[in-house]
Student: 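This is the structure I want to talk about, given as structure tokens.
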Amino acid sequence: MPLYHDDDQTMLKDSVSEFMKNEAPVSHLREFRDKDCKDGFSHGLWKQFAEMGFTGMLASEEDGGLGMGNVEAGIVLEEVGRNLTPSPFLTTSVAGVTALNEAGKAMRDQWLPGIIAGETVLGLAIDESVKFRPTQIAMKAERSGNGFKLNGRKQFVVQGGSADMLIVAARTGGSAGETDGLTLFAVEKDAAGLSADAARLVDSAMAAHVEFDNVEVTADAVIGEVDQGWSVMTKMLHAGQTGAAAEMVGVGAGAMDMTIGYLKERKQFGQVIGSFQALQHRTAHLYSEMEIARSAVLKAQQLLDEGDKGAPLMVSVAKAKAGRATNLAVREGVQMHGGIGMTDEYDIGFYMKRDRALSEFFGDANYHANLVAEMSGY
Amino acid sequence: MPLYHDDDQTMLKDSVSEFMKNEAPVSHLREFRDKDCKDGFSHGLWKQFAEMGFTGMLASEEDGGLGMGNVEAGIVLEEVGRNLTPSPFLTTSVAGVTALNEAGKAMRDQWLPGIIAGETVLGLAIDESVKFRPTQIAMKAERSGNGFKLNGRKQFVVQGGSADMLIVAARTGGSAGETDGLTLFAVEKDAAGLSADAARLVDSAMAAHVEFDNVEVTADAVIGEVDQGWSVMTKMLHAGQTGAAAEMVGVGAGAMDMTIGYLKERKQFGQVIGSFQALQHRTAHLYSEMEIARSAVLKAQQLLDEGDKGAPLMVSVAKAKAGRATNLAVREGVQMHGGIGMTDEYDIGFYMKRDRALSEFFGDANYHANLVAEMSGY
Amino acid sequence: MSDLEAFRADTRAWLEENCPPEMREPVRDEDDVYWGGRNASFKNDAQKAWFEACVAKGYTVAEWPKEYGGAGLSPAEGKILKQEMGRIKARPPLSSFGIWMLGPALLDFGTEEQKLKYLNEIARGEIRWCQGYSEPGSGSDLVSLQTFGEDKGDHWVVNGSKIWTSYADKADWIFCLVRTDKSDKYRGITFMLFDMASEGVSTKPILLISGSSPFCETFFDDVKVPKDQFIGEINRGWDVAKYLLGHEREMISNMGGGDGSGSLGKAVKPMLGEDAMGRLDEPMLRAQLAELDVEALAFKAMAERFMDELKARKNHPATPNMMKYVGTELNKRRHELVMAAGGSEALEWESEATGGGAKPRGWLRTKANSIEGGTSEVMLNVISKRILELPDA
Amino acid sequence: MSDLEAFRADTRAWLEENCPPEMREPVRDEDDVYWGGRNASFKNDAQKAWFEACVAKGYTVAEWPKEYGGAGLSPAEGKILKQEMGRIKARPPLSSFGIWMLGPALLDFGTEEQKLKYLNEIARGEIRWCQGYSEPGSGSDLVSLQTFGEDKGDHWVVNGSKIWTSYADKADWIFCLVRTDKSDKYRGITFMLFDMASEGVSTKPILLISGSSPFCETFFDDVKVPKDQFIGEINRGWDVAKYLLGHEREMISNMGGGDGSGSLGKAVKPMLGEDAMGRLDEPMLRAQLAELDVEALAFKAMAERFMDELKARKNHPATPNMMKYVGTELNKRRHELVMAAGGSEALEWESEATGGGAKPRGWLRTKANSIEGGTSEVMLNVISKRILELPDA
């Protein structure tokens with residue numbers, strides 16, 4: 001498969017791009033931020049995502065979805081990133097659906113229709129400390145009657161306050177540091193003993209600290225196999241990581257384009273500042289970095305879709321490289337805008353904020369670079 | 001003490017600068033390189049160093065030296081660096097004399113007069129692997145009669161082939177990784193069982209692999225206390241590290257000045273290339289980096305001379321920062337010179353080569369940055 | 001005992017007696033800083049006592065001459081006072097743009113009459129000043145400013161607007177660059193002083209990406225300024241401004257890593273944990289923190305050298321530009337790592353647990369460091385032209 | 001079975017039969033590379049057999065038309081041949097600037113007569129070519145070249161000198177930019193071809209900081225060049241040169257990290273050891289190696305995308321400039337880390353144990369990557385102007 005978008009994908013990209021530009025540009029984010037909306041996204045827009053067919057892209061046709069892959073999801077995410085669109089697409093339709101695709105038919109029937117219809121939102125309850133360390137999960141799920149009793153705390157559960165269901169990673173065996181003994185559960189948000197405390201993030205998204213106080217779930221709530229949650233979780237995380245990387249590429253490209261536009265307009269010392277060679281070289285370097293990141297992300301998407309055994313390495317490369325490149329894009333963006341870039345009134349700061357949040361999501365560039373070293377054997 | 005050279009030091013700097021420029025400029029290095037000289041330095045020049053009073057700067061006045069400190073030695077080393085002067089000054093008169101200052105009177109009387117007279121050269125036999133890891137020394141010195149028997153291999157013994165005496169770090173107790181149990185020995189180069197195999201380095205200096213095959217030394221050969229060599233060695237290494245950092249600052253400043261000179265001369269596209277803003281900003285950044293490095297090195301020298309307990313941290317900061325900054329200076333130097341900078345005929349490449357060798361000497365920037373983290377407790 | 005040693009002993013005793021324990025605590029919020037001015041009030045008695053003791057001793061502006069409200073200390077004595085205050089962590093008794101910015105300009109360019117009036121007011125914290133340099137659109141090209149003062153004989157009528165005027169909404173007076181001759185870009189600017197209570201002056205706070213800020217936009221609508229309220233010469237205000245910019249950069253140049261804020265790696269280790277080797281349990285981050293510590297400690301040495309050389313007048317006059325460039329870039333880098341170490345918790349923008357998002361707001365605020373007071377790009381231009389003497393294009 | 005599948009099967013069988021086992025070993029030194037030319041000799045029978053088999057099949061220049069000595073393969077077939085040769089690690093049968101540089105220019109700009117003659121000679125390895133572009137003093141500003149061809153009716157008389165002419169001392173012919181009109185910088189250059197055995201041509205090898213090199217200085221002292229030995233049009237040689245520079249950058253752009261050289265961290269671990277956690281026992285270096293791997297693998301993806309887009313003609317025409325910039329900078333970075341990992345042993349310049357200083361020489365050689373074929377600075381200029389469309393000053 002050539003490493004570029006084929007004709008269908010290019011058409012999809014055009015229509016997604018048009019949609020986001022019209023329905024959910026940066027002004028949409030600003031509006032929701034200024035409204036102090038407690039969900040952090042628009043349910044109306046989420047419905048529109050459904051009408052466009054985005055919500056169920058990754059669900060199988062058998063389950064009512066489109067049976068598409070990570071390349072297609074990445075196309076949506078890049079535009080989401082470019083427009084800083086707030087939505088539960090990454091958590092629900094990319095990571096969440098990827099996990100549910102590994103679940104039994106009953107669970108799929110329970111959750112996928114609502115997701116596909118743009119009515120259901122999922123949250124991912126993975127992190128237990130300030131950094132992403134999935135193998136270190138310690139939260140307990142003890143056998144209790146026919147099911148399990150969950151106790152513990154999760155944090156950085158994006159959209160955790162508005163989610164209808166949380167995918168919760170907990171330990172049914174083993175101990176922190178091991179991959180065996182982890183189990184994934186689908187926990188409904190109104191389960192007794194579950195409480196979520198939502199906090200606004202720097203990018204205006206909402207993320208919750210979630211407390212599990214003897215939350216009882218039946219054996220049917222298990223996604224995949226008991227103690228073997230690592231395998232489902234890995235699939236879910238790879239989709240989420242690649243998706244976050246794609247969104248970051250959109251964020252970086254959006255910030256870069258806005259900055260290049262500014263460089264062509266803004267005058268100082270009687271010259272358009274884009275004519276200053278020092279800024280030209282830095283911008284050209286930034287462009288190169290973004291192109292490398294974009295290539296790595298597309299490669300990771302393709303390898304994941306092909307089920308290639310090299311995919312995990314490339315997923316980490318993509319998340320790490322997108323992290324480094326987009327961080328550069330937003331830093332250069334604010335700096336090259338000068339004073340105006342520091343004002344809330346101007347949009348470039350939003351890009352810096354979204355980049356910051358995405359960089360932490362599913363492991364930051366440091367986490368993934370370290371994984372690359374580990375996977376490479378050193 | 002203010003953090004700049006006082007009047008005496010400024011006078012010293014002027015006279016050293018004049019001396020190096022006249023007696024040992026870069027053409028001197030080239031001449032020795034082209035001669036394929038097996039010592040890697042000029043014994044005649046070493047005599048001149050003695051006449052100038054450099055060789056015994058750090059020896060006490062009681063021992064016939066000048067009783068100066070690391071600041072003064074650094075002044076000589078910066079000019080050595082700037083002129084790429086090949087000499088045994090750093091190993092012999094800085095690190096070596098610092099170690100000998102901790103020795104008993106008999107040993108000082110044995111070695112210092114020759115050093116001060118510019119007749120004696122020392123080598124430091126520390127490294128046992130390709131990287132500097134002094135705590136990992138494993139070479140054995142076993143008790144044997146009244147003295148010790150040394151067995152093992154050392155490498156990167158700069159001027160080890162021409163040295164009259166080697167300062168050898170070996171283990172009389174403890175095991176690799178421990179600082180207790182190390183002992184420093186003064187071993188004469190014609191000791192039975194000692195063989196040195198000299199190799200030319202990238203910067204045209206000579207360094208030896210040294211083999212110790214049952215080399216017998218008496219108890220009088222111990223510098224400091226048996227098993228407590230770490231404390232003498234630490235002093236020696238700190239002087240060597242700070243000295244190497246000072247020399248690197250000279251190398252970096254020399255490369256930078258040569259490059260700035262070239263930028264003001266070379267024309268491309270009808271303009272002096274120094275007028276291109278992209279190069280101006282890179283050069284201004286480089287200048288800033290060199291000034292930071294210079295400040296760190298001076299601070300380390302002063303703290304060492306004051307016996308301040310903060311000295312070790314600053315020594316590592318100085319070696320690390322000088323390493324990073326000078327590496328930048330030589331890379332920018334070659335790149336900004338363009339094709340001509342790649343030719344052996346032009347001097348800028350010599351700066352890159354010397355920087356490379358100095359960066360490895362007494363621990364590279366990575367080694368010292370890691371030490372900074374360790375000393376800071378993380 | 002040398003004179004300086006005696007001075008140190010005296011100072012130590014005086015501080016012991018006059019600096020209340022509450023004034024030796026770190027500054028926690030804006031309320032802990034005393035800015036003076038017409039509408040100022042003290043947070044508590046300790047703040048008031050400390051301020052008044054310092055005013056009486058001349059220690060709000062210790063190195064200024066006594067006749068202008070200072071204590072007339074020599075640079076060496078001034079350094080000792082600073083060291084001794086640092087030792088007991090004494091808070092500055094008075095924070096003031098009058099002290100930091102206007103004062104130095106007055107000392108150099110003011111008439112004796114101006115010095116006696118304004119410097120004493122500043123020293124006693126009676127008048128709070130703000131600075132009116134930048135304008136919307138002027139940016140790095142400061143001399144392109146458009147605010148115009150029309151000559152009306154005994155007064156000017158000033159129209160225009162300024163931006164980035166810190167605390168303009170709280171200041172009593174402004175020192176302000178105003179164009180008084182449109183025919184000459186550099187030699188057509190006057191350095192004016194006027195009362196912010198004048199008719200026609202209004203201010204509007206600026207919201208930053210980090211949240212609310214002391215910065216304002218300030219508007220002048222037919223503001224009358226008497227013709228004797230300027231410093232230096234009419235149409236030669238750029239000389240004063242340039243001098244002050246250099247001075248400002250000297251001040252700013254000490255921030256960022258050289259502020260004794262200590263090892264970030266050490267600070268975050270308890271939160272992030274350690275690995276089996278006792279190292280911070282984030283190997284990549286640890287490496288970045290180690291490099292940061294190297295940079296920060298090296299920069300601190302340069303800041304010390306810079307201050308020492310400054311006192312001995314050994315600096316190249318453009319050195320503050322380099323210090324400003326390096327210091328602000330380093331501070332941005334530090335805060336990027338604060339965020340990386342803080343992880344998801346450092347993303348929280350308003351939560352109580354995070355002090356209302358202190359980390360992300362602090363991080364975003366640092367992004368202005370390399371813009372305000374001269375961008376990094378302008379600093380690099382200055383270094384390359386004035387220090388390295390690279391030619392113009 | 002599709003046509004392409006059939007072609008793959010045939011190719012595999014043909015290679016199995018015709019590529020001797022010795023030709024499937026990695027290239028160890030210069031002798032293992034066959035460059036062809038008048039004075040060429042084969043290192044061994046296997047090299048000769050493999051070369052001759054390829055010539056007969058048209059596989060020295062597989063995608064060139066059959067009438068010019070190629071096999072007339074489609075791009076898809078060409079890719080399969082490359083993949084299959086890669087699979088068995090077959091060496092290229094012929095290395096040649098004729099194939100890489102002159103050939104593409106001839107295919108685009110040559111007359112039918114020129115193509116038939118020169119391309120066939122190249123395909124059969126009969127004539128070894130070198131390139132005469134740069135001059136001492138011209139540097140990045142290539143069009144400032146001074147070598148002059150004086151029009152003498154039926155021939156030019158060429159005087160001047162070229163630099164960085166790789167293997168000029170071994171080449172049979174040169175393709176060379178010569179000024180034929182001094183009044184027009186761009187439209188006064190002719191792309192000439194001539195025999196290096198002509199009277200008045202001399203060469204001198206250039207010693208690099210990395211040691212001896214294939215580069216030469218080449219001098220022309222009244223060299224007669226017949227008036228029919230040029231490509232394109234007289235005085236329009238810059239068009240051909242520009243086309244070739246783009247082509248050259250395409251080739252160069254694939255180097256550096258994307259060459260399948262694998263993880264450096266993994267390679268150096270056995271030498272440097274591991275810590276208690278099984279990590280490379282140099283924590284700072286490990287972090288740098290991890291970043292390098294990220295960069296190298298990401299670059300490899302970009303190189304793949306670039307080649308795929310190139311085949312589908314989807315690239316911006318200036319993309320090779322970006323590839324060249326990124327690839328060469330990455331390669332320099334890789335070799336800095338090779339040196340850091342190699343430690344003191346990697347400093348040895350001549351010792352046998354270090355392969356005669358292979359590491360330091362290789363490291364120093366990479367420093368030219370970002371200079372030769374267009375400096376990184378020129379690449380950044382091109383990206384900013386042609387791709388990002390930033391304005392001229």
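Any value given below was found using the heavy atoms of this structure, including those in side chains, with hydrogens, waters and symmetry copies removed. The model shown is predicted, which means the values in this text are computed figures rather than measured ones. Residue numbers begin at 1 in each chain, while the letters A, B, ... track the order of the sequences.
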Student: CG/D:Leu142 to CZ/B:Phe269 distance, rounded to the nearest 0.5 angstrom?
Tutor: 9.0 Å
Student: Please indicate whether D:Arg187 has more than 12 foreign heavy atoms, meaning atoms of other residues, nucleotides or ligands, lying under 6.0 Å from its CZ.
Tutor: no
Student: Are the side chains of B:Lys353 and D:Trp349 in contact, using a 4.5 Å heavy-atom criterion?
Tutor: yes
Student: In terms of heavy-atom pairs under 4.5 Å with chain B, which of D:Gly211, D:Gly273, D:Ser370, D:Ser144 leads?
Tutor: D:Ser370
Student: How many angstroms lie between atom CE of B:Met342 and atom OG of D:Ser213, to the nearest 0.5 angstrom?
Tutor: 8.5 Å
Student: Heavy-atom distance under 4.5 Å to chain B: side chain of D:Ala353, backbone, both or neither?
Tutor: neither
Student: Side chain, backbone, both or neither: which part of D:Ser376 has a non-hydrogen atom closer than 4.5 Å to chain B?
Tutor: both
Student: Using heavy-atom distances under 4.5 Å, tell me whether B:Ala199 contacts chain D through its side chain, its backbone, both, or neither.
Tutor: side chain
Student: With a 4.5 angstrom heavy-atom cut-off, is it the side chain or the backbone of D:Leu364 that approaches chain B, or both, or neither?
Tutor: both
Student: Which pair of non-hydrogen atoms, one from D:Ala340 and one from B:Lys131, has the smallest distance, and what is that distance?
Tutor: O-NZ, 2.6 Å
Student: Using a cut-off of under 4.5 Å for heavy-atom pairs, which of B:Ser204, B:Ala369, B:Gly339, B:Gly349 has the most such pairs with chain D?
Tutor: B:Gly339
Student: Any heavy-atom pair between the side chains of D:Asp281 and B:Arg133 that's under 4.5 Å?
Tutor: yes
Student: Are any non-hydrogen side-chain atoms of D:Glu348 and B:Gln155 less than 4.5 angstrom apart?
Tutor: no
Student: Looking only at non-hydrogen atoms, find the nearest pair between D:Pro360 and B:Val202 and report the distance.
Tutor: CB-CG2, 4.2 Å
Student: Sort D:Ile206 into side chain, backbone, both or neither according to what part of it lies under 4.5 angstrom from a heavy atom of chain B.
Tutor: side chain
Student: Taking atom NZ of D:Lys266 as the centre, does the number of heavy atoms from other residues, nucleotides or ligands within less than 6.0 Å exceed 12?
Tutor: no
Student: To check you understand the geometry: which heavy-atom pair defines the closest contact between B:Gln268 and D:Ser140, and what is its length?
Tutor: OE1-N, 2.6 Å
Student: For D:Leu272, is it the side chain, the backbone, both or neither that has a heavy atom under 4.5 Å from a heavy atom of chain B?
Tutor: both
Student: Which distance, rounded to the nearest 0.5 Å, do you find between the OG of D:Ser344 and the CZ of B:Phe132?
Tutor: 11.5 Å
Student: Quick one: are B:Arg331 and D:Lys332 in side-chain contact, heavy atoms under 4.5 Å?
Tutor: no
Student: Which pair of non-hydrogen atoms, one from B:Asn370 and one from D:Pro283, has the smallest distance, and what is that distance?
Tutor: OD1-CG, 3.3 Å
Student: Could you tell me the separation between the OG1 atom of D:Thr375 and the CD atom of B:Gln335, rounded to the nearest 0.5 Å?
Tutor: 6.5 Å
Student: Go through the atoms of B:Ser129 and report whether side chain, backbone, both or neither lie under 4.5 Å from a heavy atom of chain D.
Tutor: backbone
Student: Could you look at B:Ile273 and say if it's the side chain, the backbone, both or neither that has a heavy atom under 4.5 Å from chain D?
Tutor: neither
Student: Mind checking whether B:Asn366 and D:Gln288 have side chains closer than 4.5 Å, heavy atoms only?
Tutor: yes
Student: Hey, are the side chains of D:Leu347 and B:Arg356 touching, using non-hydrogen atoms and a 4.5 Å cut-off?
Tutor: yes
Student: Distance check, rounded to the nearest 0.5 Å: D:Met339 atom CE versus B:Asn327 atom CG?
Tutor: 11.0 Å
Student: Under a 4.5 Å heavy-atom cut-off, does chain D meet the side chain of B:His209, its backbone, both or neither?
Tutor: side chain
Student: Would you say that more than 12 heavy atoms from the other residues, nucleotides or ligands in this model lie under 6.0 Å from the CD of D:Glu30, or not?
Tutor: yes
Student: What distance separates B:Glu360 CD from D:Glu345 CD, expressed to the nearest 0.5 Å?
Tutor: 11.0 Å
Student: Do other residues, nucleotides or ligands put more than 12 heavy atoms under 6.0 Å from B:Glu345 CD?
Tutor: no
